[in-house]
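Heads up, the thing below is written out as structure tokens.
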Amino acid sequence: MSDDAAPWLIVGLGNPGPDYAGNRHNIGFMVADLLAERIGGKFKAHKARAQVVEGRMGPPGPANRRVVLAKPMTYMNLSGGPVTALRDFYKVPLERIVAVHDELDIDYPTLRLKLGGGDNGHNGLKSMTKSMGPDYHRVRCGIGRPPGRMQVADFVLKDFSSTERKELDWFVDRAADSVECLIAEGLERAQSTYNS
């Protein structure tokens with residue numbers, strides 16, 4: 001399979017199960033769910049310990065891309081295993097992998113897209129980088145820092161506040177748009193449009 005024929009693998013990072021569904025840490029899952037809805041697919045279990053949807057994304061013509069949307073089902077800090085298994089199964093080059101995740105060092109609701117880099121203490125990225133190196137795309141969804149003395153772990157595993165929820169649909173929608181733009185038009189275009 002030539003690299004051109006290889007699909008893009010878009011990984012929403014989060015924790016499985018209803019207890020975590022609305023958590024800040026699960027914004028990656030929220031974006032993946034919206035993208036699945038947009039391409040008209042339903043998540044199905046995959047042997048790689050993930051849920052996946054296969055489909056096409058982007059405008060008709062050459063910018064229309066094969067995509068695999070994935071939600072690892074192993075809990076955040078073990079995300080690298082399922083992502084690596086999916087990469088091997090679908091023969092995806094590293095530069096066609098996109099991780100969508102929450103980011104503490106960016107204010108809510110701000111997006112930043114980049115290729116490669118560190119993990120900033122994010123356990124999902126840490127696990128992915130350990131499994132396959134750092135050179136994949138990231139769509140970083142800013143959630144800001146915890147208030148006062150709240151522990152980071154408590155903050156990311158709490159649901160968005162009622163104030164934040166007013167903008168959450170818009171934020172998830174914009175993050176999904178940025179993924180589509182990245183895949184159809186490339187990183188620079190997506191950065192200039194969505195990095196705020």
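Because only heavy atoms are used, hydrogens play no part in the values below, and waters and symmetry mates are left out as well, while side chains stay in.
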Result of checking Asp102, Asn77, Thr129 against His122 for side-chain hydrogen bond (donor to acceptor under 3.5 Å, both in side chains): Asp102
Check: Asn64/Arg56 side-chain N/O donor and acceptor closer than 3.5 Å: yes
Between atom [atom1] of [X] and atom [atom2] of [Y], what is the distance when rounded to the nearest 0.5 Å?
X	Y	atom1	atom2	result
Lys71	Ser79	NZ	OG	13.0 Å
Ile183	Met57	CD1	CE	5.0 Å
Asp33	Gln51	CG	CD	8.5 Å

Is the NZ atom of Lys114 crowded by more than 12 outside heavy atoms at less than 6.0 Å? yes
The single option from Leu111, Val172, Leu13 passing side-chain contact (heavy atoms from CB on, under 4.5 Å) against Cys141: Leu111
Mind telling me whether Phe89 and His46 have parallel, tilted or perpendicular rings, with 30° and 60° as the class edges? perpendicular
Fit a plane to each ring of His137 and Trp8, take the angle between them on a 0 to 90° scale, and name the class: parallel (under 30°), tilted (30 to 60°) or perpendicular (over 60°). tilted
Does a side-chain heavy-atom distance below 4.5 Å link Tyr194 with Arg112? no
Between Tyr136 and Arg138, is there a cation-pi geometry (under 6.0 Å to ring centre, at most 45° from the normal)? yes
Is the centre of the His25 ring less than 6.0 Å from the centre of the Phe155 ring? no
May I ask you to check whether Phe171 and Tyr108 place their ring centers less than 6.0 Å from one another? yes
Start with the C-alpha distance between Arg145 and Asp107, add both sets of side-chain angles, then the distance that settles salt bridge (Lys or Arg N to Asp or Glu O under 4.0 Å), and finish with yes or no. CA-CA 8 Å; Arg145 285 258 158 211; Asp107 289 339; over 6 Å; no
Which heavy-atom pair separates Val139 from Val179 by the least distance, and what is that distance? CG2-CG2, 3.9 Å
